[in-house]
Amino acid sequence: MSAPLLQMDGIDKSFPGVRALHQARFDLRAGEVHALMGENGAGKSTLMKILSGIYQPDAGEIRLDNKPVQVPSPRAAQDLGIAIIHQELNLMPDLSAAENIFIGREPRKRLSFFTDDAKLNADAAAIFETMHLKLDPRTPVGTLSIAKQQMVEIAKALSFRSRVLVMDEPTAALNDAEIADLFAIIARLKAEGVGIVYISHKMDELKRIADRVTVMRDGEYVATVPMAETPVERIIAMMVGRALSDERPPAPEENGREPLLEVRALNRGAAIRDVSFAVRPGEILGFAGLMGAGRTEVARAIFGADPLDSGAILVRGKEIAIRRPQDAVRAGIGYLSEDRKHFGLATGMDVRDNVAMASLSRFTTPGGFLREGAMSETAKRYIAQLAIKTPSDRQEARLLSGGNQQKVVIAKWLLRDCEVLIFDEPTRGIDVGAKAEIYKLLNALAAEGRAIIVISSELPEVLRLSHRIAVMCEGRLTGVLPAGASQDEIMRLATQRGETSGDTRPSAAMGGRR
Amino acid sequence: MSSTTGTPAGTAAPGAAAKARFSGAQQRLLAFASLIVLVVGFSLASPNFLQTSNILAILQATSVNGVLAVAATLVIITGGIDLSVGTLMTFCAVIAGVVLTNWGMPLPVGILAALAAGAASGVCSGTIIAKLKVPPFIATLGMMLILKGLSLVISGTRPIYFNATPGYTDIAQGSLVGTLIPSVPLPNGVLILFLVALVAHIILRKTILGRFTFALGSNEEAVRLSGVNVDRWKIAVYTLAGGICGVAGLLISSRLNSAQPALGQGYELDAIAAVVIGGTSLSGGRGTIVGTLIGALIISVLTNGLRILSVAQEWQTVVTGSIIILAVYTDMLRRRKV
C-alpha cells in the first residue's frame with residue numbers, strides 16, 4: 001500500500017446559517033481512482049472546492065506528500081498540481097482549445113506582451129498527442145461536443161502536470177462510447193501515478209473504475225471502503241443513513257379504458273419518424289433509448305414546443321391542434337423538462353409563485369391584483385401533499401434541493417389539472433433518497449388516473465417505473481415492451497438502426513393502439 | 001426554444017448554441033455588403049455622392065465616432081458596456097484645453113494630458129466594475145454623469161478655444177498624407193482613426209491583453225478559476241478604452257478648434273450602434289474592430305447620403321434606429337438557423 005499522496009483532515013467549513021462540513025476527511029493515493037459519494041448537499045463539492053482553493057476552510061489540514069500545504073487560491077492549487085474539472089465545464093466557448101488550455105499561461109514573445117500562438121498550438125497538440133486525442137488545437141471550444149470539451153478540460157489539467165485530478169460528475173452528458181474514451185484516459189493517468197477523485201452518482205460506472213469509495217453525509221465523513229468488495233446496497237445505505245425499501249416495479253395495470261393520449265404518425269424531419277403510441281389513464285409509459293434517439297423531441301412536439309411536419313395528437317379520443325405550448329396546457333398536457341433550471345423553474349422566485357405560475361389567472365381579482373392569500377394556501381397544500389421540504393412557501397426555489405425543486409414543478413402542473421404528464425429525465429441530478437420519493441409520487445399520480453410518460457436514460461429507472469416501455473432509435477419507435485422486459489431486450493431495440501426490420505413488428509410498435 | 005431543434009435529446013444544445021457564435025464573419029460580411037449597397041445606391045441617386053470631397057467628408061465625419069466605437073468594442077467584447085465614452089471624450093478635450101490654453105503648456109503636453117485623463121477615467125470605471133462589483137451599465141452611467149459635470153465645472157461651462165496653440169487644428173484637419181502624396185488629401189483625423197483601429201486590432205488578436213478581453217466575455221468564471229487575476233485585466237481593458245476616448249477628445253476639439261463642455265452625451269449611443277451593426281455581440285466573447293469600422297461607416301454614409309438626398313434630419317435618426325434593429329435581428333435569424 002503506497003503512502004497517501006494527499007490527506008485532508010478535520011476540515012470544517014460554515015457558510016452563513018449552514019454548516020457545510022464538519023470534521024470532514026479524505027485521502028488519496030497516487031495512481032488510484034477514489035470515488036467520493038454522498039447525497040446532494042452532503043458536502044462533496046464543498047470539500048473539493050476547498051482542495052482546489054476556491055473556498056478557504058475554517059479549520060483542518062491539507063497535506064500533500066505528507067507536508068502541510070495552504071491552498072489560498074485556484075492558482076495556488078494549480079501550482080501544487082491539484083486540478084479540478086467542474087461539473088459545469090469552465091471553458092470559454094469563443095476561444096480555441098489551445099487558448100483555453102493555456103489561459104493565463106500563454107507563451108509570450110516580444111516584451112511579454114504578444115502571445116506566441118504557434119508555440120501555444122504546438123504545446124496543446126503535444127498534450128492531445130499524449131491523450132491519443134484527435135483534435136485541432138485551433139478549434140473553437142464552443143463548436144465541440146460536450147465530450148470533446150471535457151477532453152479539453154482534462155488536457156488543461158494535464159498541462160499543469162497535475163498529480164491530483166478532481167472530476168465532478170464527468171459522465172453526466174456523455175454517451176457510452178464517449179464514456180469509454182474517458183475511462184481509457186483515466187486508466188492512462190492512473191498508470192502514470194495521477195491520483196483521481198471521482199464524484200458520481202452512477203454506481204455502475206464506479207464499479208468499473210473506482211478503487212476505493214469515500215461516503216459523506218450531512219457534511220461529515222462516513223466511511224471509506226474498497227469499491228470491488230462492497231455491495232451497492234451497503235454504499236447506498238451509508239449515503240442515506242438507512243436501507244432503502246426493496247424496490248419492485250409496480251404491477252402492470254390492465255384496464256381496458258380508452259387512451260387518454262394518443263399520437264399517430266408523428267413526423268418532424270429526421271428527428272421524429274412515424275411515431276405512434278397511446279397512453280391509458282393510470283398508466284406509466286416509459287421511453288427508453290440512447291441519447292439522441294428522439295425521445296425528448298417527441299415530448300417537445302406533443303407539447304407544442306417544436307413544430308410537427310405531420311401527425312395527429314388525440315386527447316380522450318378527440319384530435320386537437322397543438323401549435324404552441326399553451327395549446328397543450330389547455331388540453332391538459334404538462335411537460336417537465338430535463339433542464340429544470342432553464343425551462344421548468346423560475347429559480348429566483350419563491351415556491352408559492354412557482355406553483356401558481358401556470359395558473360395565475362385563477363389567483364387574479366377582476367381588477368388584476370393577485371390573491372396572495374389563496375396562492376399561499378394552495379402552495380401550502382401541495383407542499384404538504386407532495387412532502388416538499390422547504391422552510392416555507394416563500395423560500396426561493398433555487399435554495400431547494402434538486403428533488404424538491406422537481407416536486408415544485410410537479411405541483412405546478414398538478415394545479416393546472418394536467419391529466420397527461422410528460423417527465424423528461426425526472427431524476428437527473430437528484431440523489432438516491434429523493435429518487436425513491438419521486439418514484440412513489442409518479443406511481444401515486446398514475447393511480448389517480450393520470451397518464452404518465454417518463455423519458456429516462458437510466459434503464460433501471462425505466463424498468464422500475466413503467467407499465468410498458470417504448471424504445472426509440474434514430475427518431476423511430478422501434479418497439480413497445482411490457483413491464484418486466486430485460487435490459488437486453490431494450491438495448492436490442494434501442495440499437496435497431498435503419499429499416500431492416502421493415503414491418504415485421506407493427507404490433508409491438510403500435511403498442512396501445514387497437 | 002427552436003434553437004435547440006434537432007439536437008439529440010437536448011443535451012447537445014449548449015454546444016450547438018455556442019457553435020452559432022462563430023459565424024460572426026457572416027455578420028461582418030453582411031454589414032460590408034450593406035455598406036456597398038448603400039454606397040452604390042446613393043451614388044446612383046445622386047451624382048454628388050461619390051465626389052472625392054464628399055467621400056473625404058464622410059470619412060472625416062466617421063473619425064470621432066469610429067474611434068469611440070473602437071473603445072466601446074474592447075469593453076463590449078469583455079461582456080461589459082461603456083456608456084461614458086461620449087462625455088469622457090469631452091472631458092479629455094476640456095483637460096487639453098485647460099493645459100494648453102489656460103496654462104499655456106506646449107502641444108505635446110496637452111496631448112499627453114488628454115490621453116492620461118482618458119486612461120485615468122478608465123482606471124476608475126474598471127476599478128468600480130472589477131473591485132466594487134458594480135454592474136458595468138450602472139458604473140459607466142455614473143461615470144458618464146460625473147464626467148459631464150466635471151467638464152462643465154472645470155471649464156466654467158464655457159468653451160475653451162485653442163487659438164493660442166498653433167497647429168492644434170492640424171491634429172484632425174491637417175493632412176500628413178496630403179503633404180506626402182498631394183493627390184490623396186486624407187485628413188489626419190481619418191489617418192488617426194485607421195491607426196487607432198489597427199493598434200486595437202493587433203492588441204485584440206495578437207497580445208495577451210486581447211486574449212483576456214475575449215476570455216472575460218466568453219466565460220469570466222472560467223478565467224477566474226484558471227487562476228488569472230481577472231480584476232487586473234478588466235481594469236486594463238477599461239483603461240485602454242479610456243485612453244482611446246482621449247484620442248477622440250483630441251480629434252473632436254481639433255475639428256472644432258475648441259473644447260465644448262456641453263457636448264458629448266449621445267455619442268456613446270452612436271458608438272454602441274456602430275459596434276452592434278458591426279457584428280460584435282453585446283453578450284461578449286466575440287467581435288472585431290473591422291466590423292466596428294464598417295458599422296461606423298454605415299452610420300456616416302447613411303447620414304451623409306440622406307442629407308444629400310435632402311431627407312430631413314429627423315428621419316435620418318429613424319433610419320439609423322431601424323438599421324440597428326435590423327442588424328441585430330438578422331444576426332439572430334442567422335444564429336437560429338445553425
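Numbers restart at 1 for each chain; the letters A, B, ... are given by sequence-line order, proteins then strands.
Heavy-atom distances place no part of Lys148(A) under 4.5 Å from chain B, backbone and side chain included. Contacts of Leu120(A) with chain B are made by side-chain atoms alone, with heavy-atom separations under 4.5 Å and no backbone atom involved. Contact of Leu91(A) with chain B is made through the backbone alone, with heavy-atom distances under 4.5 Å.
Chain B forms more heavy-atom pairs under 4.5 Å with one residue of Pro74(A), Ala299(A), Ala147(A), Gly289(A) than with any other, namely Pro74(A). Of the residues considered (Met92(A), Arg75(A), Gln78(A)), Met92(A) shows the highest number of contacts with chain B, using heavy-atom pairs under 4.5 Å. Taking Asn229(B), Val228(B), Leu216(B), Leu225(B) one by one and counting their heavy-atom pairs under 4.5 Å with chain A, the maximum is reached by Leu225(B).
For CZ of Phe137(B), the number of neighbouring non-hydrogen atoms (other residues, nucleotides, ligands) closer than 6.0 Å is 12 at most.
Cation-pi check for Arg105(A) over Phe160(A) is met; the charged atom lies under 6.0 angstrom from the ring centroid and within 45 degrees of its normal.
Closest heavy-atom contact between His86(A) and Ile84(A): NE2-CG2, 3.4 Å.
Side chains of Thr73(B) and Thr280(B): no donor on one and acceptor on the other come within 3.5 Å. Ser456(A) and Glu461(A) are linked by a side-chain donor-acceptor pair at a separation below 3.5 angstrom, with hydrogens and angles left out of the test.
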